[in-house]
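Single-structure report; data block below.
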Amino acid sequence: MARKLIIAANWKMNKGPSETGGFLKTFLAKIAPSTSNCEVVVAPPFVSLATASELVANSNVELAAQNVSEYDSGAYTGEINVVMLKELFVRHVILGHSERRSIYGETDAVINAKIKKAREANLKPIFCIGETLEEREAGKLEEVLRTQVRGGLDGVSEKDLLESVLAYEPVWAIGTGVTASPEQAQEAHAFVRSLLAEFYGAAVSEKIRIQYGGSVKPGNSAELMGQPDIDGALVGGASLEAQSFLELIENAVAGA
Ligand code: 13P
């Protein structure tokens with residue numbers, strides 16, 4: 001079944017409001033109509049969302065946040081809730097990124113609570129999963145993915161899953177320049193889809209888009225997107241420069 005490509009820029013802790021403005025002006029002026037059959041999402045830091053929101057308002061580019069609180073409001077110093085994101089017309093939220101897991105100690109249970117909170121506000125989770133090199137080398141790839149998918153989606157309804165995207169990001173490929181080969185990525189994506197089929201049924205699993213993330217660049221996006229179970233990309237480094245991100249998208253669309 002045809003799943004619409006979804007390519008998202010995760011800027012991580014890069015680009016304040018002025019740099020965000022500069023990027024988006026260039027990017028929006030150059031984005032080609034040929035990419036209109038591809039959903040394009042940009043995830044700036046929280047403080048740049050208001051600027052980005054104004055600039056993307058009349059475009060096909062959608063906004064994502066990089067995180068959200070699992071709580072409603074109140075005494076949670078440093079946190080941002082779903083209502084605040086909605087006020088800025090944010091549509092998606094990246095949850096479960098390996099940097100949130102490893103640096104900030106987010107567990108599957110916390111990620112699960114955040115996915116549910118996001119869905120209560122009709123935000124669309126981009127739910128990230130992926131194994132470390134140690135886990136892969138120890139033959140634990142499938143076990144790790146199963147635990148993350150089951151834990152993150154525990155109690156998440158079929159309806160809410162259908163409004164979500166998964167992102168397979170092998171930790172060893174993030175920011176390292178080492179990309180999973182298209183075969184390695186396809187194998188993991190097919191396994192993740194089989195998990196979704198086990199938990200939600202085959203028909204639902206066929207509708208869910210699974211992005212690949214980890215050193216995606218203009219030079220490898222076509223081949224990766226050509227794999228049957230890869231439905232998009234979650235891009236860090238190569239999304240920081242407008243021209244590189246544009247090329248990456250164009251090549252991805254051509255290769256899909
Ligand atoms: P890189 O594209 O820099 O490897 O980052 C991937 C990533 O973590 C996107 O969320």
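These values consider heavy atoms only, across backbone and side chains, with no hydrogens, waters or symmetry-generated copies. Ligands are counted one by one from 1 in listed order, and the atoms in each one are counted from 1 as well.
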Considering only heavy atoms of Asn10, which atoms of ligand 1 have at least one such atom less than 4.0 Å away? 9 (C), 10 (O)
What about Ile174: any of its N or O atoms under 3.5 Å from an N or O on ligand 1? no
Please evaluate residues Trp172 and Glu134 with respect to the criterion side-chain hydrogen bond (donor to acceptor under 3.5 Å, both in side chains), reporting the C-alpha separation (whole Å), side-chain torsions for both, the decisive distance (0.1 Å), and the verdict. CA-CA 9 Å; Trp172 47 273; Glu134 269 179 3; over 6 Å; no
Evaluate whether atom CD of Glu223 has more than 12 neighbouring non-hydrogen atoms of other residues, nucleotides or ligands under 6.0 angstrom away. no
Is Thr176 close to ligand 1, meaning an N/O of one under 3.5 Å from an N/O of the other? no
Would you say Ala238 contacts ligand 1, with heavy atoms under 4.0 Å as the rule? no
Nearest protein heavy-atom contact for atom 5 (O) of ligand 1: which residue, which atom, what distance? Lys12 NZ, 3.3 Å
Before accepting this row, confirm whether a basic side-chain N of the pair Glu62/Lys124 lies closer than 4.0 Å to the acidic partner's carboxylate O. no
Using the side-chain hydrogen bond (donor to acceptor under 3.5 Å, both in side chains) definition, which of the options Gln211, Lys4, Arg209, Arg193 pairs with Asp231? Arg193
Contact with ligand 1 for Gly175, non-hydrogen, under 4.0 angstrom: yes
Between Ala173 and ligand 1, find which residue part has any heavy-atom pair under 4.0 Å and reply side chain, backbone, both or neither. backbone
Starting from atom 3 (O) of ligand 1, what is the nearest protein heavy atom, named by residue and atom, and what distance separates them? Gly237 N, 2.8 Å
Can you pull out the closest protein heavy atom to atom 9 (C) of ligand 1? Residue, atom name and distance to 0.1 Å, please. Glu169 OE2, 2.9 Å
A student checking ligand 1 against Gly214 at a 4.0 Å heavy-atom cut-off should list atoms 4 (O), 6 (C)
Check the angle between the aromatic planes of His189 and Tyr168 and answer parallel, tilted or perpendicular using the 30° and 60° thresholds. perpendicular
Thinking salt bridges, do Lys117 and Glu120 make one under a 4.0 Å N-O criterion? yes
Could you check whether Glu135 and Thr132, counting side-chain N and O atoms only, form a donor-acceptor pair closer than 3.5 Å? yes
Within the supplied structure, the quantity of interest is the number of heavy atoms (other residues, nucleotides, ligands) at a distance under 6.0 Å from Glu79 CD; does it exceed 12? yes
Selection from Ala9, Gly236, Ala8 by shortest heavy-atom distance to atom 1 (P) of ligand 1: Gly236
